[in-house]
Amino acid sequence: MHNNTIKNLLPENRPDEKFINYGPKALSDAELLAIILRTGSAELSSVELARKILTHSGNDNISILNIFDYDFEQLIKIKGIGKVKAIQILAISELSLRISQSRVRSRLVFNDPETVSNYYMEQLRHEKRETVVLLLLDSACRLIKEHVLSTGTVNASITSARDIFITALKFEAVWMILLHNHPSGNCSPSVADKEFTEEIYNAGRLIGIKLLDHIIIGDNTYFSFREKELIHE
């Protein structure tokens, strides 16, 4: 049995040496992840273990995006991945989401569906269940509060108009935006999505808290009711 650490690899195969000599862009996704993991298992080097993590469902589709498919319990079932490594991998996932959001934060304009969608894309597109997020805005369309209303099933969210307006009134919102994801990756609105949007839009006009948009997040795509002129200010 041997200890498959990065140090035990030949110099030309060590990701850290390659990083120093050629810079991070010269490394593959697996090599970068191996630097974080540091050690492999009795059977696999750190790079091989990283490659296994990045391989989806045991096929040859190696992608950094596969990291988002794991939760803690799934990771620790992989031979060579204990609690510490699992936490490291999940921390990388969360950091990447926050970095992605931070990059567009300075350009975020809440009455522009594209910038709003770009900002929330990485947060919602990898969710395995439908999640409804309520954005509450003031009269100048500045964010007052971001509130997760519900997390539902794999193909349906669980929320109500009552919950939405209780929250909106509590924070004295003037405008609001609804966002939710479709775990299937298809952002096209369902009949239920359209009916729910119409219900919230009409109720908001009566109460005085208008629905600015309802955005559905798919896999690197989105659907905006406002862009499609299905709701109006």
Side-chain angles (χ1 to χ4, degrees), residues 1-108 114-129 131 133 146 181-187 217-222:
M1 184 178 294
H2 59 282
N3 184 15
N4 282 312
T5 64
I6 286 179
K7 290 182 179 179
N8 288 333
L9 296 173
L10 294 173
E12 62 269 24
N13 294 328
R14 292 178 188 168
D16 50 355
E17 293 289 339
K18 189 174 178 180
F19 188 103
I20 293 170
N21 293 329
Y22 304 105
K25 294 187 183 301
L27 276 68
S28 67
D29 293 340
E31 289 171 327
L32 287 170
L33 182 56
I35 291 176
I36 303 297
L37 298 177
R38 300 302 303 170
T39 61
S41 65
E43 294 81 18
L44 301 175
S45 70
S46 54
V47 177
E48 290 168 335
L49 179 59
R51 191 174 293 115
K52 182 176 181 180
I53 294 167
L54 298 180
T55 301
H56 180 67
S57 300
N59 58 34
D60 294 326
N61 178 29
I62 297 177
S63 171
I64 194 67
L65 293 177
N66 289 333
I67 283 183
F68 295 106
D69 291 336
Y70 292 103
D71 59 25
F72 182 80
E73 296 301 324
Q74 290 171 321
L75 281 169
I76 60 175
K77 288 179 181 178
I78 299 174
K79 192 170 184 179
I81 300 296
K83 292 181 179 180
V84 173
K85 283 188 173 68
I87 290 170
Q88 289 172 326
I89 293 167
L90 294 175
I92 292 170
S93 299
E94 182 61 27
L95 277 172
S96 68
L97 292 176
R98 296 186 187 189
I99 290 169
S100 178
Q101 287 183 325
S102 295
R103 283 179 172 174
V104 296
R105 183 186 291 274
S106 62
R107 304 189 299 273
L108 187 58
E114 184 176 5
T115 60
V116 174
S117 301
N118 288 341
Y119 182 74
Y120 287 94
M121 182 68 67
E122 290 306 309
Q123 176 181 330
L124 292 175
R125 65 184 283 235
H126 300 290
E127 293 287 340
K128 293 181 174 60
R129 298 179 182 275
T131 301
V133 178
E146 174 189 309
N181 63 306
H182 280 179
S184 67
N186 183 350
C187 66
I217 302 295
D219 188 6
N220 263 333
T221 185
Y222 72 92

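As the structure is a prediction and not an experimental result, all values here were calculated from the model.
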Item to check | Test item: Q74 side-chain N/O and D71 main-chain N/O as donor-acceptor pair under 3.5 Å | outcome: yes
Checklist outcome for this item: Interatomic distance, CG@L37 vs CD1@I53, rounded to 0.5 Å, equals 5.0 Å
Checklist outcome for this item: Nearest heavy-atom approach of L90 to Y70 is CD2-O, 3.7 Å
Item to check | Minimum heavy-atom distance P183-R129, with the two atoms named | outcome: CG-C, 3.7 Å
Item to check | By side chain to side chain donor-acceptor pair (under 3.5 Å) - contacts of D219 (at least two apart) | outcome: R125
Checklist entry - Are any of the side-chain heavy atoms of T55 and N66 separated by less than 4.5 Å? => result no
Checklist outcome for this item: In this structure, CG of L27 is separated from CG of L33 (nearest 0.5 Å) by 11.5 Å
Next on the checklist: How close do A86 and I76 get, counting heavy atoms only, and between which atoms?
Outcome noted: CB-CG2, 3.8 Å
Item to check | For E114, all residues meeting salt bridge (Lys or Arg N to Asp or Glu O under 4.0 Å), sequence neighbours excluded | outcome: none
Checklist entry - Taking NZ, NE, NH1 and NH2 as the nitrogens, is one of them in K52 or E48 under 4.0 Å from a carboxylate oxygen of the other? => result no
Item to check | Validation row: I81, L49 side chains within 4.5 angstrom (heavy atoms) | outcome: yes
Next on the checklist: So, taking the atom named CZ in F72 and the one named NZ in K77, what distance separates them when rounded to the nearest 0.5 Å?
Outcome noted: 12.0 Å
Checklist entry - Could you go step by step and tell me if D69 and K128 meet the side-chain contact (heavy atoms from CB on, under 4.5 Å) rule? => result CA-CA 9 Å; D69 291 336; K128 293 181 174 60; 4.2 Å; yes
Checklist entry - Which atom names give the shortest non-hydrogen contact between A50 and A34, and what distance separates them? => result CB-N, 3.9 Å
Item to check | Spatial distance of atom CD1 (I92) from atom CZ (F68) [nearest 0.5 Å] | outcome: 10.0 Å
Checklist entry - Heavy atoms, side chains only, cut-off 4.5 Å: are S117 and I217 in contact? => result yes
Next on the checklist: So, using side chain to side chain donor-acceptor pair (under 3.5 Å) as the criterion, who are the partners of E146 when residues are at least two apart?
Outcome noted: Y120
Item to check | T221: partners by side-chain contact (heavy atoms from CB on, under 4.5 Å), with sequence neighbours left out | outcome: C187
Checklist entry - So how far is it from E31 CD to D16 CG, rounded to the nearest 0.5 Å? => result 10.5 Å
Checklist entry - Applying side-chain hydrogen bond (donor to acceptor under 3.5 Å, both in side chains), which residue pairs with at least one partner in residues 84-93 are found, sequence neighbours left out? => result T39-K85
Checklist entry - Just how far is it from atom CG of N181 to atom CD of Q123, taken to the nearest 0.5 Å? => result 9.5 Å
Item to check | Sequence-distant partners of N186, side chain to side chain donor-acceptor pair (under 3.5 Å), two or more places apart | outcome: S188
